Amino acid sequence: MNQLELFGIKTDLVRPGDDLAEAILRGMDRAGLALADGDVLVVAESAVATAEGGVVNLSQVTPGARACELAERYDKDPREMELIIRSSDRIIGGIPGVVLTIKDGFLYPNGGIDHSNAPPGHVVIFPKDPRRSAAEVRKRLEEASGKKIGVIVGDSRTHPLRLGCVGVALACDGVVPVEDVRGQKDLFGRPLMITRKAVADNLVSAAEVVMGEGDEGIPAVIIRGAPVRLADDGEDMRIPNIPPEECMYIGSLRSGPHPYQGGYDRLIEEAKEALKRSYAPYSGFRVGAAILARSGKVYSAANVENASSGAAICAERAALAKAVSQGEREFEALAVVAEAGEPVAPCGICRQSLIEFGGYIKVVMANVRGDAEIATVAELLPKGFTGRSLMTGPSDEI
Ligand code: THU
């Protein structure tokens, strides 16, 4: 029989500077709770952040120009927006009142900055290092109990288009966060193809049934009997994520460019090599490009300028022309590298040339310093003009 038990741990109100592990142990003591081997303890992110002292008085924050601009656009307090910018790697968009941000590959509303459970005029900023916090709590509780447990720092999220929060794990220690069940059989004996079980997220959701969100004063929950695998020493307990462009939700929003997360390093290198052969005596702006055809072959080229400036050709189009004239018609990705302070984006004419061969082609934009972003051609050229537009024919109404 699979039997799961949940024990909410009521603690004193957690204040900045408190010892969270101590508060949890005291709460357990008062309720007569003891840990057992194999237990998983879920701790609320808000408690971790508060104990860490991440409570910020907004009156002490001076917003910068970008914060003021974004605050205006998304109808937010500029000081809060300043904190959001500081605590996230990227802001990918927003609606009035909320901006969606990415930090360390995870999605956070408002950079993880929270009003709830913060005193008026204050916000709680995101914990500095939730993995370390999880490890610290686990160490302390294992020492106190002599039992082997797992610890998860949990937070709440909504699923796209759904009302109501579910649990999400921010960090794990001692427990394996995602179980790969590919290869197991479904009810009809077919192998499961893409299923990974988000064990840690599911446990946080279970814990949140007990925890609540508000003034219950239950910042931690013991889960007993969960069919989870406690991690071996040295095992990687990082919560795996997928790049934004491969994510069904974020990828569908076509909000590129996204930060480049690898996969086309060789293509970037080929583009860099081509850059060395750039002919740019007029602008001095050297660019190299390399395009990867579906055949697996790579074609590279540099920009070639001309005394008659309009006769110049960009590196991207030169590489594309080279490939197409070798018979290639289908492409996977193009990398472009320039000697610039930021990753260089293909010009409008190059975007038009590329979309001829597919809006799905990925464009890796890089500079020689190693900064890189990735986007599809369609993302770079929304509502692009293609052969399909020609085929729809003249409108009857004209
Ligand atoms: N250039 C490229 O080769 N690719 C780009 O994406 C932007 C511009 C070249 C064309 C010209 O030789 C020089 O950069 C300055 O415009």
Side-chain angles (χ1 to χ4, degrees), residues 90 92 243-245 251 254-295 297-387 389:
R90 208 171 136 223
I92 54 176
E245 70 276 10
R254 299 199 160 276
S255 60
H258 309 282
Y260 168 69
Q261 310 215 317
Y264 295 104
D265 291 356
R266 205 194 114 209
L267 206 58
I268 295 174
E269 280 315 307
E270 297 252 3
K272 264 191 207 159
E273 275 304 306
L275 176 147
K276 294 180 188 157
R277 296 184 289 273
S278 157
Y279 178 72
Y282 302 101
S283 71
F285 191 71
R286 300 198 298 167
V287 186
I291 190 163
L292 170 64
R294 283 265 158 87
S295 65
K297 285 201 189 125
V298 171
Y299 302 82
S300 66
N303 55 332
V304 181
E305 296 189 344
N306 195 281
S308 168
S309 40
I313 184 164
C314 295
E316 299 92 314
R317 253 175 307 139
L320 178 68
K322 200 168 154 186
V324 173
S325 40
Q326 290 302 307
E328 303 287 1
R329 293 292 183 269
E330 289 185 15
F331 302 97
E332 180 181 327
L334 173 137
V336 54
V337 180
E339 291 170 316
E342 287 189 358
V344 72
C347 78
I349 307 177
C350 288
R351 295 177 199 203
Q352 182 64 33
S353 298
L354 285 164
I355 208 163
E356 178 73 19
F357 294 93
Y360 53 79
I361 299 170
K362 288 179 229 169
V363 181
V364 183
M365 296 158 278
N367 61 11
V368 281
R369 238 186 16 206
D371 309 314
E373 292 179 335
I374 187 165
T376 64
V377 173
E379 284 172 330
L380 295 175
L381 189 62
K383 201 151 171 50
F385 179 80
T386 63
S389 320

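The figures here come from the full heavy-atom set of this structure, side chains too, leaving out hydrogens, waters and symmetry mates. Order of listing sets the numbers, starting from 1, for every ligand and every atom in it. Please read all numbers here as calculations on a predicted model, not as lab measurements.
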What protein heavy atom sits nearest [atom], and how far away is it?
atom	result
atom 3 (O) of ligand 1	Ala315 N, 2.9 Å
atom 9 (C) of ligand 1	Asn303 ND2, 3.5 Å
atom 14 (O) of ligand 1	Phe285 CD2, 3.3 Å

Under a 4.0 Å N-O cut-off, is there an ion pair linking Glu269 with Lys272? yes
Note: Ala312 and Asn306 closest approach over all heavy atoms is N-CB, 4.1 Å
Under 4.0 Å from any heavy atom of [X], which atoms of ligand 1 are there?
X	result
Glu305	11 (C), 12 (O), 13 (C), 15 (C)
Val287	1 (N), 2 (C), 3 (O), 4 (N), 9 (C), 14 (O)
Ala345	6 (O)
Glu316	2 (C), 3 (O), 4 (N), 5 (C), 6 (O)
Cys347	6 (O)

What do you reckon, does Pro346 put a non-hydrogen atom under 4.0 Å from ligand 1? yes
Mind checking whether Cys350 has a heavy atom under 4.0 Å from ligand 1? no
Closer than 4.0 Å and a protein heavy atom, does any atom meet both conditions relative to atom 1 (N) of ligand 1? yes
Answer with yes or no whether the side chains of [Y] and [X] bring together a donor and an acceptor at under 3.5 Å.
X	Y	value
Ser353	Glu316	no
Glu273	Ser300	no
Gln326	Tyr299	no

Please compare Ser283, Cys314, Pro281 and report which has the shortest non-hydrogen distance to atom 10 (C) of ligand 1. Cys314
Does any N or O in the side chain of Gln352 come within less than 3.5 Å of the main-chain N or O of Phe385, such that one atom is a donor and the other an acceptor? yes
How many angstroms lie between atom NZ of Lys362 and atom CG of Leu292, to the nearest 0.5 angstrom? 9.5 Å
With rounding to the nearest 0.5 Å, note down the distance linking CD in Glu356 to CZ in Phe331. 11.0 Å
For ligand 1 and Val336, I'd like to know whether there is a polar contact (N/O to N/O, distance under 3.5 Å). no
Taking atom CZ of Arg266 as the centre, does the number of heavy atoms from other residues, nucleotides or ligands within less than 6.0 Å exceed 12? no
